[in-house]
Amino acid sequence: MIDLSYILNELGEDREQYFRAISPPIMQTSNFAFKKVDELRKVFEDEFSTYLYSRGLNPTVDILRQKLAALDEAEDCLVFNSGASAIFASVFSNVQSGDHIVSVRNPYTWAQKMFDNILPRFGISTTYIDGTNIENFERAILPNTRIIYLESPNSWDFVLQDLQAVADLARAENIITICDNSYCTPLYQRPIAMGIDMVLQSATKFIGGHSDVVAGVLSGTRQMMKKIFDNELLNMGNGITPFNAWLLIRGLRTLPVRLERISATTIKVVEYLKNHPQVEEVIFPFDPSFPQYDLARKQMTGACGLLTIVMNAEKMQQIVTFCESLRHILMAVSWGGHESLAIPRCASILPENFDAGNRAHKMIRFYVGLEDPDYLIADFEQAFAKSR
């Protein structure tokens, strides 16, 4: 059982070393100096051992790393300049030409672009499967399969995978498992405790919490993290900056209370939307109508913020009018900050291709922020009225 209060407020913070300041300093330096040639030589041999150049290790970043690894119940973690960087490094470090990957269908956009556009240039293939059934994983595994890539829940229809079952299968086949845990954060789901090898998340979202920093986190064994640090992270130079690490430390302080507030508001919003005549369906993992509700309750301790509706609409313009009529809920792609958001699936569909019979075309994803629930519901109500 992790000690959340200790991790968020004390772990990694040696205040006696920086004038007993409550907030840790931002070590905004590119370089670190040495007095002895032998000391410098040792760091050249293993840059993962101490500070040399902030493209690698940095004291402010290390405070954050300790906290995030502890939250994930992992030996170590690395923090990148985006979630996409964390995804790329986790996969690229564990494949070579001729290898095969099994991925769940419809992963995060930039994960799928990597699988479809970049990895094939190196002779690496990917098979997409419906991850709701463990037998689909069994059938997809080939002799050259090296990675099983998971996203549970995903960020549109919140499809889950049975993480324990997939981890057991992968371990028996000597396959590495990677899970995108951005929806839940380590507070509401801990894939490593269920046997997953590496867990990643977009720290841009709930970890940062203020829509002012872009970052990604990757956790796993120290051996796995050192391998990635020595190769992908140092070569691509995609580690996080000290200032952004400091912003994420700030965000972590309030993560539990923000998630509690967002969770409570989300339940009220879900109940409102479920009873609205212009809503065909509400998709939310902790609603009893969700197809994988039992699995969600089994492996997640909470669900908050993200939900999707299928709007009762015959024409795309009804969806467009609704979204453009929202006064307080902003239209934007990310989530996890203080502000509520909406994004319609039809924004990626040409008007002439819209199909009212296609459930996905009528989806609108909402993120519930820190506003009062009645404030949000009133905004929904006036936007629905204009879209009738």
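Computed from a predicted structure; not experimentally measured. Worth knowing before you read on, the calculation uses all heavy atoms, side chains too, and leaves out hydrogens, waters and symmetry mates.
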Please answer whether the main-chain N or O of [Y] pairs with a side-chain N or O of [X] as donor and acceptor at a distance below 3.5 Å.
X      : Y      : value
Glu47  : Phe229 : no
Lys67  : Leu11  : yes
Ser82  : Ala215 : no
His276 : Gln278 : yes
Asn58  : Pro242 : no
Trp246 : Pro24  : yes
Arg65  : Cys77  : yes
Arg258 : Phe206 : yes
Asn275 : Glu271 : yes
Gln299 : Leu295 : no

Are [X] and [Y] close enough for a salt bridge, meaning some N to O gap below 4.0 Å?
X      : Y      : value
Asp287 : Lys274 : yes
Asp197 : Arg171 : yes
Lys226 : Asp230 : yes
Arg253 : Glu13  : yes

| request: Measure from NZ or CZ of Arg297 to the centre of the six-membered ring of Phe286 and say whether it is under 6.0 Å with the direction within 45° of the ring axis. | output: yes

| query | Looking only at heavy atoms, which two atoms of His100 and Ala140 are closest? And how far apart? | reply | CE1-O, 3.4 Å

Under 3.5 Å, is there a donor-acceptor pair linking the side chains of [X] and [Y]?
X      : Y      : answer
Ser263 : Tyr188 : yes
Asn81  : Ser85  : yes
Lys205 : Ser202 : yes
Asp157 : Asn154 : yes
Asp168 : Gln164 : yes
Ser211 : Glu339 : yes
Asn136 : Tyr128 : no
Glu75  : Thr221 : no
Asn235 : Glu232 : no

| Of Glu151, Gln201, Gln189, the residue whose pairing with Asn181 passes side-chain hydrogen bond (donor to acceptor under 3.5 Å, both in side chains) | Gln189

Common cluster, [X]/[Y], ILVMFWY with side-chain heavy-atom separation under 4.5 Å:
X      : Y      : value
Trp335 : Leu200 : no
Val270 : Ile343 : yes
Phe243 : Phe80  : no
Val104 : Met300 : no

Hey, are the side chains of [X] and [Y] touching, using non-hydrogen atoms and a 4.5 Å cut-off?
X      : Y      : value
Phe284 : Phe290 : no
Thr308 : Glu281 : no
Ile329 : Phe380 : yes
Glu39  : Lys42  : no
Leu119 : Val91  : yes
Val282 : Tyr272 : no
Thr29  : Tyr51  : no
Ile148 : Ile178 : no

Separation between [atom1] of [X] and [atom2] of [Y], rounded to the nearest 0.5 Å:
X      : Y      : atom1 : atom2 : answer
Met194 : Arg190 : CE    : CZ    : 9.5 Å
Leu326 : Thr321 : CG    : OG1   : 11.0 Å
Ile240 : Leu233 : CD1   : CG    : 11.0 Å
Tyr149 : Ile87  : OH    : CD1   : 3.5 Å
Phe366 : Leu341 : CZ    : CG    : 10.5 Å
Met225 : Gln223 : CE    : CD    : 10.5 Å

Compute the centroid of each ring, for [X] and then for [Y], and state whether the two points are separated by less than 6.0 Å.
X      : Y      : value
Trp110 : Phe88  : no
Phe322 : Phe384 : yes
Phe122 : Phe92  : yes
Tyr183 : Phe158 : yes

If you count heavy atoms of other groups shown closer than 6.0 angstrom to [atom1] of [X], is the number above 12?
X      : atom1 : result
Lys386 : NZ    : yes
Phe34  : CZ    : yes
Arg388 : CZ    : yes
Asn174 : CG    : no

| field | Option from Leu252, Asn244, Leu247 for which side chain to side chain contact (heavy atoms under 4.5 Å, CB included) with Leu64 holds | value | Leu252

| task | Scan Ser125, Ser103, Pro120 and name whichever one has a side chain to side chain contact (heavy atoms under 4.5 Å, CB included) with Phe115. | result | Ser103

